[in-house]
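As structure tokens, the structure follows; a few thoughts come after it.
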Amino acid sequence: MPSAQTHEISAARRLENIRYAIRDLACVADELTRQGHKVVPLNIGDPLNFDFQTPPHIIEAVYKAMRDGKNGYAPSPGIPVALEAIRGEAARKGITTVRDVFVTSGVSETVDACISALVNPGEDILTPRPDYPLYSAILCKLGIALNTYDLNEDDSWQPELADIERKVTLHTRGIVLINPNNPTGSLCTRQMLEQVAGLARRHNLIVFSDEIYDKLILEDTPHIAFASVAPDVPCVTFGGMSKNYLVPGWRIGWGIVSGEAAAVKSYTDGVQRLLRARLCANHPEQYAIKPALEGPQDHLVEVQRKLRSRRDLTQKWCEATPRVSCVAPRGAFYAYPRIDIPESDEIFVKELIRQKHVMVVHGSGFGQKPGTQHFRIVFLPDEATLTKAYAGIADFIRERYGKSL
Ligand SMILES: Cc1ncc(COP(=O)(O)O)c(C=O)c1O
């Protein structure tokens, strides 16, 4: 008998800083669930956990594709009918200089492919702070040092241009915009997009504009695509089905490359090489892209109505609760209140789960300015559930910290 192999196989050191606070908290919640408690999940942005339903006609399209035998590998960039529909969507968004489009396994894979195809060792990409943690996770995976720029809470969470200027170096290759934003729910103004475009031109940066929530706008002002404001600037606009079309489990996203053709050619070839290496995105699900983008959009009216009502309820609660303040969200389904407490927001969140069985995510899980504390609320549940959860959070704050500062 050979002796048993007991030497520990360690994970790569570059993974040490990878955290995904949104799901990491689940261990605390699992323990409570095992004890028989019902935990209210205000932590994961999955509308299907609540009273939102996938439009039936897109389910039919995928079902038909499967029955019609579309179950083999798809072309690496995506099926032609979907690529054509995404080009149509780009045109509706006002993007006039489209150079390439491709379909991926969720926007998550677009982010991975677009960053991996860009950075060499020693280079960096500017990412917002706070940010959606996938960006920092992928940069860590590639061994790329983080270079974050602040979003300014005092300016409705707009990117802080002076901070971006300070952080750009000769090794900076790109900048990430998340618009509408996760975790803050903010929208970039046209003026801000123009200023970021100017900065990208001056420093030869590519802009990655994550617009996965572009149809979930809670104001009367329309969403403005970065690439529509800056047709000449190299840009990849990220879009997908998960949120707008209520199918996060289908894993369908895409990238729209725009800018001067000569400027983006070599980079786009690099992205396509990576896409070929991973074979293809989910095949039958791609048949839903055209009916989703070009078919009835009725579900969006209902989704926006619910989200506006839940955003208003959330905002009122933030305004009425001692120690809490919040910039009103204008898009997506996240609120990012600031909280004045004498301990870390991670302890706040973990104790809140244990004592009141309400799960939100700590601001330190997204990155924040030192000395500030926040938590992210997903306001997808119905009004009754939110009201009960917010009463629990208010009780917790009062019991643990007292009413006043
Ligand atoms: C800003 C942002 N980008 C990308 C993603 C990933 O989306 P997908 O489900 O398409 O991978 C999310 C998911 O929550 C997100 O909030």
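Every number for a ligand or one of its atoms is a count from 1 in the order of the listing. All values below were derived from every heavy atom in this structure, side-chain atoms included, with hydrogens, water molecules and symmetry-related copies excluded.
The ligand atoms of ligand 1 that sit less than 4.0 angstrom from a heavy atom of G106 are 10 (O), 11 (O). Residue-ligand proximity, I178 to ligand 1, at heavy-atom distances under 4.0 Å covers atoms 1 (C). Per-residue contacts place R251 under 4.0 angstrom from the following atoms of ligand 1 (heavy atoms of the residue considered): 8 (P), 9 (O), 11 (O). Counting the atoms of ligand 1 from 1 in the order shown, those under 4.0 Å from a heavy atom of K243 are 13 (C), 14 (O).
In this structure, a donor-acceptor pair under 3.5 Å is present between the side chains of Q368 and D345. Between the side chains of D269 and S266, not a single donor N or O lies within less than 3.5 Å of an accepting N or O. Donor-acceptor pairing under 3.5 Å is recorded for the side chains of Q272 and D100.
Contact between F238 and ligand 1 is absent, with no heavy atom of the residue lying under 4.0 Å from the ligand. Under a 4.0 angstrom heavy-atom cut-off, S108 registers as being in contact with ligand 1. Ligand 1 has no atom lying under 4.0 Å from any heavy atom of E109.
Ring centroids of H374 and Y336 are separated by less than 6.0 Å, placing the two rings close together.
Here's the thing with Y135: none of its N/O atoms is less than 3.5 angstrom from an N/O atom of ligand 1. Where the criterion is an N or O separation shorter than 3.5 Å, residue side chain and backbone included, I252 fails it with respect to ligand 1. Remark: ligand 1 and S105 share no N or O pair separated by less than 3.5 Å (distance only, no angle test).
Heavy atoms of M241 found under 4.0 angstrom from ligand 1: none, in either backbone or side chain. With a 4.0 Å cut-off on non-hydrogen atoms, D210 touches ligand 1 through its side chain and not its backbone.
Of the residues listed (W157, Y132, Y213, F379), the one engaging Y334 in a ring-ring contact (aromatic ring centres under 6.0 Å, His included) is Y213, and it is the only one.
Here the side chains of V236 and V271 are not in contact, with every heavy-atom distance at 4.5 Å or above.
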Working for ring-ring contact (aromatic ring centres under 6.0 Å, His included), residues H299 and F52: CA-CA 9 Å; H299 73 287; F52 297 90; over 10 Å; no

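Residue R92 places its CZ atom among more than 12 non-hydrogen atoms of other residues, nucleotides or ligands, all under 6.0 Å distant.
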